[in-house]
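Remember, it's 1-based here, ligands and their atoms both numbered in the order they're listed.
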Amino acid sequence: MEKLIDTFARHISYLRLSVTDRCDLRCVYCMPKNMKFMPKKDLATLEESYQLVKIFTDLGIEKLRVTGGEPLLRRNVLWLIEQLGALKQTGGLKKLVMTSNATQLAKMAKPLKAAGLDSINISLDSLDTHLFELVTNGGNLNQVLAGIDAAVENGISIKINVVALKGVNDLALDDFVRFAATKKCDITFIEVMPMGDMGNETRVAQYLPLDEVKQHLHKNWQLTPSTYKSGGPARYYDCAETGQRIGFITPLSQNFCAQCNRVRLTATGKLYSCLGQDNQYDLLTILREQGVQAVTDMIHQAIVEKPKSHDFAIREDYVAQTNRFMSVTGG
Ligand code: SAM
Ligand code: SF4
C-alpha cells in the first residue's frame, strides 16, 4: 500500500474526525457564548463519516481520534464507535481514541469501552467548582469528575488536557499534577491557540506561554525529559514524585509542525490538512457525487498540498488567527 507522505516527507498516519461542532459547554478560549453552529442538515451522516474513515484506513491511517465539539453529544455516536472498533479487527486501524469534556462520560464509559475505544483525552481547565463554571460558561465540575472516574473504573486509559490560561489556572498548576497522580494518568498542558475571532485583546489576555508553566513546575517537582513519545506534539517529562508524565504542547512558543502526522475531517465532511491554515477539501460532496475513487484522489491531492506549518501568533501588537474556531475543525 502506498503511504500518505507529504512534500515535507511527513508520514500522515493519524486522522481526527469531528462528529459535531456542537457542545454543552462554552470554554472561554474555544467558542463564544452565542456561538452559531452549522445547520444539522449539512452534517455527514454517521454512515458517511464511517465510509470516509474507511477510505483513510485503506490508505494507511492507523490512528483515529473522534472529537468535536463534544463528540458524545452526537446522537447515536456509539453506533459509529462500534463500527470503528470493528475496523480495528478487520481493517488497518490500530488505535481508536476520543477527546471529550467528559460531561456525558459517567453513563457512556462502559459502552464506549465495550465498543473498542482505547483511550480518552479529557479537557479539564479548573479543579475549582466556581472557576470551572466560569471558564466553561456554566459547566458542572462534579459531572466531569464523575465522568473521569467512570472512565477509570471501566478501564479506559485517560489523559487530562489543560489549556494554560493566564489569570485563570496559572495559580493551580501543582493541583493539576496532584490530581493526575490520584487518577494515575498523564497530564498535558496546552498553549491557547488563536482559533476563531475572540477579539485580539482576549487572546493576548488568555495566552500563557508554557515556558512559564514549566518554570513554575520545575520549582516544585523533579521533572526529567522523558523518552516517551506519544507520536503527537507533546514533549513529555517524568515527574519523580508522582510517577506520572507531564506533557507540554507549545504550538506558539515552539512550533511542532515538522513532525505533524495528522489531518482533520469535519462533521460536514471537509478535510483540513492543517489546523491553522484554510486549505480544505469537500470529501463528503465528492463521496456523494463521484464515489470512493474520487475521494481517494482528493485525499492524495490534500496530502501533496499540506502546508508546511501554521502561522499562529499571539503578541501584544499582533495576533494571527484562523477564522474557524477549534470546535469546527475538530480539536
Ligand atoms: N469537547 C471536547 C473537549 O473539550 O475535549 C473535544 C473538542 S475540543 C475543541 C478539543 C480540545 O481543543 C480540548 O482539549 C480543548 O481544550 C482544545 N481547544 C479548544 N479551543 C482551543 C484553543 N483556542 N486553543 C487551544 N486549545 C483549544
Ligand atoms: Fe466544548 Fe470542548 Fe470547546 Fe470546551 S473545548 S467549548 S468542551 S468543544
Side-chain angles (χ1 to χ4, degrees), residues 16-38 65-74 77 97-105 108 119-126 132-141 143-144 147-148 151 158-166 168-169 176 186-200 202-210 213 232-234 247-253 256 262 264-267 272 275-276 310 312-314 319-331:
R16 292 190 168 206
L17 170 73
S18 171
V19 291
T20 179
D21 64 329
R22 284 159 203 265
C23 190
D24 49 346
L25 303 182
R26 296 285 183 279
C27 300
V28 290
Y29 54 85
C30 178
M31 57 172 94
K33 272 192 220 169
N34 60 351
M35 179 74 179
K36 207 166 171 290
F37 296 109
M38 299 188 278
R65 179 173 301 281
V66 180
T67 181
E70 176 43 44
L72 295 179
L73 291 183
R74 176 75 191 256
V77 70
V97 300
M98 179 177 277
T99 304
S100 168
N101 65 21
T103 60
Q104 312 300 310
L105 205 48
M108 298 284 276
S119 69
I120 310 190
N121 286 356
I122 297 174
S123 302
L124 182 61
D125 301 317
S126 176
F132 183 84
E133 200 178 320
L134 284 178
V135 82
T136 56
N137 274 306
N140 178 336
L141 178 64
Q143 212 177 357
V144 171
I148 290 174
I158 60 166
K159 176 165 78 74
I160 304 293
N161 278 344
V162 181
V163 175
L165 296 165
K166 196 162 40 177
V168 175
N169 53 22
F176 284 114
D186 293 343
I187 184 162
T188 299
F189 293 96
I190 306 171
E191 279 174 354
V192 71
M193 287 174 255
M195 298 200 62
D197 191 358
M198 293 275 198
N200 289 359
T202 309
R203 284 296 183 213
V204 172
Q206 291 173 337
Y207 178 50
L208 177 65
L210 287 192
V213 172
F248 298 91
I249 299 183
T250 54
L252 284 104
S253 61
F256 44 66
R262 62 200 60 191
R264 292 172 162 85
L265 189 60
T266 70
Y272 281 90
L275 182 64
H310 65 70
F312 292 140
I314 302 180
V319 174
Q321 65 197 15
T322 58
N323 56 16
R324 306 182 305 280
F325 291 99
M326 176 78 105
S327 55
V328 174
T329 320

Taking atom types as modelled, is there a side-chain donor on Lys159 or Thr188 under 3.5 Å from an acceptor on the other?
->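 Judged by distance alone, the side chains do pair up.
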
Margin query: If we count only N and O atoms by modelled type, under 3.5 Å, do the side chains of Glu70 and Ser100 hold a donor and an acceptor together?
Written below: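 Yes, side-chain donor-acceptor contact under 3.5 Å.
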
Looking only at distance, does [X] have an N or O less than 3.5 Å from an N or O of ligand 1?
X: Gly69; value: yes
X: Thr99; value: no
X: Ser123; value: yes
X: Ile190; value: no
X: Glu70; value: yes

Which of the ligand 1 atoms, numbered from 1, are nearer than 4.0 Å to a heavy atom of [X]:
X: Val163; answer: 16 (O), 26 (N)
X: Cys30; answer: 19 (C), 20 (N)
X: Asn101; answer: 2 (C), 3 (C), 5 (O)
X: Val192; answer: 24 (N), 25 (C)
X: Thr67; answer: 6 (C), 7 (C)

Name the orientation class of the two ring planes belonging to Phe256 and His310 (parallel below 30°, tilted from 30 to 60°, perpendicular beyond 60°).
->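 Rings of Phe256 and His310: perpendicular, as their planes differ by over 60°.
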
Who gets closest to atom 23 (N) of ligand 1 by heavy atom: Met326, Met193, Met198, Gln206?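 Looking at heavy atoms only, the winner is Met193.
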
Would you mind finding which of Cys23, Ser18, Gly68 brings a heavy atom closest to atom 8 (S) of ligand 1?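 Heavy atom nearest to atom 8 (S) of ligand 1 belongs to Gly68.
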
Who's the nearest protein heavy-atom neighbour of atom 10 (C) of ligand 1, and how far?
->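 Looking only at protein heavy atoms, the one closest to atom 10 (C) of ligand 1 is Gly331 CA, 3.6 Å.
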
Q) How far is atom 16 (O) of ligand 1 from its nearest protein heavy atom, and which residue and atom is that? A)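 Scanning the protein heavy atoms, the shortest distance from atom 16 (O) of ligand 1 goes to Tyr29 OH, 2.8 Å.
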
Margin query: I'd like to know whether ligand 1 has Glu191 as a neighbour, heavy-atom separation below 4.0 Å.
Written below: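 It does; at least one heavy atom falls under 4.0 Å.
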
Within this structure, what is the [atom1]-[atom2] distance for the pair [X] and [Y], rounded to the nearest 0.5 Å?
X: Asn121; Y: Ile190; atom1: CG; atom2: CD1; answer: 8.0 Å
X: Gln143; Y: Leu105; atom1: CD; atom2: CG; answer: 10.5 Å
X: Thr103; Y: Leu25; atom1: OG1; atom2: CG; answer: 5.5 Å
X: Asn101; Y: Leu73; atom1: CG; atom2: CG; answer: 7.0 Å
X: Arg74; Y: Gln104; atom1: CZ; atom2: CD; answer: 15.0 Å
X: Leu208; Y: Leu165; atom1: CG; atom2: CG; answer: 8.0 Å

Discussion item. For a quick test of reading the model, state the closest non-hydrogen atom pair linking Phe37 to Asp21 and the distance between them.
Written reply: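 It is CE2-O, 3.1 Å.
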
Under a 3.5 Å distance rule, please check whether Arg26 uses its side chain to pair with a backbone N or O of Gly139 as donor and acceptor.
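Here the side-chain-to-backbone pair does not exist.
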
Does only the side chain of Ser100 get under 4.0 Å from ligand 1, or the backbone, or both, or neither? Count heavy atoms.
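Backbone only; the side chain of Ser100 stays clear of ligand 1.
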
Side-chain heavy-atom pair [X], [Y] within 4.5 angstrom cut-off:
X: Glu191; Y: Ile249; answer: no
X: Val162; Y: Asn169; answer: yes
X: Met98; Y: Leu72; answer: yes

Practice prompt. Sort by chain and number the protein N/O/S atoms found under 2.8 Å from atom 4 (Fe) of ligand 2.
Written response: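 Result, waters dropped: Cys27 SG.
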
